[in-house]
Amino acid sequence: MAKAGDDRRPKYHRIADTLREAIRSGEYGPGDRLPGENDLMAAHGVARMTARQALGVLRDEGVAEARKGAGVFVREFRPLRRRGIQRLAQQQWGNGRSVWSADIEGRSLEVDQVTVSEEGAPDGIAAVLELTGEETVCVRRRRFVLDGKPVLLATSYLPGSLVAGSAITREDTGEGGTYARLAELGHQPVHFREEVRSRMPSSDEATRLSMAAGTPVILICRTAFTDEGRPVEINEMTLDAASYILEYDFDA
């Protein structure tokens with residue numbers, strides 16, 4: 001990484017670094033207006049385009065947001081700390097709590113879009129769930145909204161024959177969610193595997209997650225297994241990268 005004093009770095013990057021550090025130090029707090037283009041031009045002796053590019057860097061990173069006719073402001077949204085291990089502990093869903101309760105710390109979370117359907121299994125899903133060509137899957141699609149901001153799209157796939165007639169096939173699965181219902185069916189998840197990737201969002205994802213331009217998404221694919229090693233759920237999650245901190249806390 002180039003150093004701040006490296007003259008080869010574009011000047012707009014150095015200005016963005018200065019503004020970012022001012023935000024981190026608390027000089028500018030959530031909701032505060034950042035210096036405008038005219039202010040940056042005067043303070044740094046640069047052209048308007050350079051000042052505009054510097055502010056654009058912070059917008060693309062999700063650190064700041066533009067408000068039409070008002071300027072560029074520090075984002076007020078506080079990132080969600082996703083505790084990747086604690087949230088899946090049986091003491092969470094086994095006691096009727098959502099896996100989300102380990103993350104949200106009293107903040108307002110809602111699932112504002114839910115659809116449940118029975119579908120043919122995509123090839124990759126069928127292979128992981130060890131399904132035959134004729135078996136269907138129960139597909140649960142949800143959008144999660146935190147403090148009024150969409151942060152996550154999730155699609156779960158479960159063997160149709162395993163969950164048929166259970167609350168898993170309804171929009172509201174009840175206390176403890178899907179994992180508690182699987183346990184009641186005799187298929188309690190005891191082991192999880194998560195794969196994490198990142199890419200730029202599709203236009204549909206960017207719209208549904210109300211994402212700032214240039215912000216990537218984090219993709220997490222989680223597979224849940226029973227004690228016998230049977231895979232019982234695949235959950236494909238798309239996260240707004242600017243809305244999350246992924247935390248993994250474990251013993252050596």
Side-chain angles (χ1 to χ4, degrees), residues 80 82-90 92-94 96-104 109-132 135-146 150-197 199 201-202 204-205 208-209 217-240 243-244 246:
L80 178 66
R82 183 183 188 272
R83 295 174 169 86
I85 294 176
Q86 294 92 327
R87 69 197 316 271
L88 295 174
Q90 185 183 349
Q92 286 289 122
W93 50 266
R97 295 192 296 270
S98 163
V99 297
W100 277 81
S101 63
D103 302 335
I104 60 176
L109 174 76
E110 66 173 325
V111 181
D112 75 333
Q113 297 175 7
V114 185
T115 63
V116 185
S117 58
E118 182 179 358
E119 303 176 15
D123 290 343
I125 299 297
V128 174
L129 292 179
E130 302 173 356
L131 305 179
T132 66
E135 292 184 87
T136 61
V137 286
C138 172
V139 184
R140 300 181 53 82
R141 296 182 174 91
R142 292 92 70 205
R143 184 175 78 161
F144 293 78
V145 178
L146 182 71
V151 295
L152 167 69
L153 307 175
T155 302
S156 293
Y157 301 88
L158 302 101
S161 59
L162 187 149
V163 303
S166 74
I168 293 173
T169 63
R170 300 194 291 268
E171 289 187 5
D172 184 358
T173 57
E175 292 186 353
T178 296
Y179 294 152
R181 303 293 81 78
L182 283 171
E184 293 169 356
L185 292 170
H187 303 288
Q188 175 177 313
V190 300
H191 178 72
F192 300 92
R193 179 181 66 225
E194 288 193 345
E195 299 174 349
V196 182
R197 296 183 292 123
R199 60 166 168 76
S202 67
D204 178 67
E205 291 167 340
R208 294 186 65 199
L209 290 172
V217 289
I218 299 170
L219 307 177
I220 300 178
C221 181
R222 181 173 69 233
T223 307
F225 299 87
T226 66
D227 191 42
E228 295 78 26
R230 178 181 182 180
V232 290
E233 184 221 28
I234 297 172
N235 189 351
E236 295 183 334
M237 294 162 274
T238 303
L239 293 67
D240 174 1
S243 298
Y244 276 89
L246 304 186

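Atom set for the values below is all heavy atoms of this structure, side chains included, hydrogens, waters and symmetry mates excluded.
- Annotation: salt bridge (Lys or Arg N to Asp or Glu O under 4.0 Å) contacts involving residues 177-188, sequence neighbours excluded, comprise Arg181-Glu184.
- Side-chain contact between Thr238 and Leu152: absent, with no pair of heavy atoms (C-beta onward) separated by less than 4.5 Å.
- Screening Leu153, Ile220, Thr155 for a side chain to side chain contact (heavy atoms under 4.5 Å, CB included) involving Met237 leaves a single residue, Ile220.
- Closest heavy-atom contact between Val151 and Tyr244: O-CE1, 3.3 Å.
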Q: Could you give me the CA-CA distance, side-chain angles and deciding distance for Leu182 and Val163, then say whether side-chain contact (heavy atoms from CB on, under 4.5 Å) is met?
A: CA-CA 8 Å; Leu182 283 171; Val163 303; 4.2 Å; yes
Q.
Set out, in order, the CA-CA distance, both residues' side-chain angles and the distance that settles side-chain contact (heavy atoms from CB on, under 4.5 Å) for Ser243 and Leu146, then state yes or no.
A. CA-CA 9 Å; Ser243 298; Leu146 182 71; over 6 Å; no
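- Closest of all the heavy-atom pairs between Leu239 and Leu209 is C-CD1, 4.5 Å.
- With sequence neighbours excluded, the residues satisfying salt bridge (Lys or Arg N to Asp or Glu O under 4.0 Å) with Arg199 are Glu205.
- The stretch residues 218-237 participates, sequence neighbours left out, in these ring pair (Phe, Tyr, Trp, His ring centres under 6.0 Å) pairs: His191-Phe225.
- Asp112 pairs by the side-chain contact (heavy atoms from CB on, under 4.5 Å) definition with Glu110, Arg143, Val145, not counting sequence neighbours.
- Among residues two or more places apart in sequence or in another chain, the side-chain hydrogen bond (donor to acceptor under 3.5 Å, both in side chains) test is passed with Asp172 by none.
- In plain terms, the two heavy atoms of Pro159 and Pro231 that are nearest each other are CG-O, 4.4 Å.
- Legend: residues meeting side-chain hydrogen bond (donor to acceptor under 3.5 Å, both in side chains) with Glu228, ordered by chain and number and at least two apart, are Thr226.
- If you take CG on Leu185 and CG on Leu162, they are separated by 6.5 Å, rounding to the nearest 0.5 Å.
- Listed by first then second residue, pairs satisfying side-chain hydrogen bond (donor to acceptor under 3.5 Å, both in side chains) with a partner in residues 117-127 read Ser117-Glu119, Glu118-Thr136, Glu119-Arg141, not counting sequence neighbours.
- In terms of heavy atoms, Val217 sits closest to Pro201 at CG1-CB, 3.7 Å.
- Arg230 is linked by a side-chain hydrogen bond (donor to acceptor under 3.5 Å, both in side chains) to nothing, counting only residues two or more places apart in sequence or in another chain.
- Using a 4.5 Å heavy-atom cutoff, the side chains of Pro150 and Arg208 are not in contact.
- Looking at residues two or more places apart in sequence or on another chain, you find no side-chain hydrogen bond (donor to acceptor under 3.5 Å, both in side chains) involving Ser161.
- The CD1 atom of Ile168 sits 7.5 Å away from the OG1 atom of Thr173 when rounded to the nearest 0.5 Å.
- For Ser156, the side-chain contact (heavy atoms from CB on, under 4.5 Å) partners at least two apart in sequence or on another chain are Arg140, Arg142, Leu158, Glu233, Asn235.
- Of all heavy-atom pairs spanning Val116 and Thr169, the tightest one is CG1-O, 3.3 Å.
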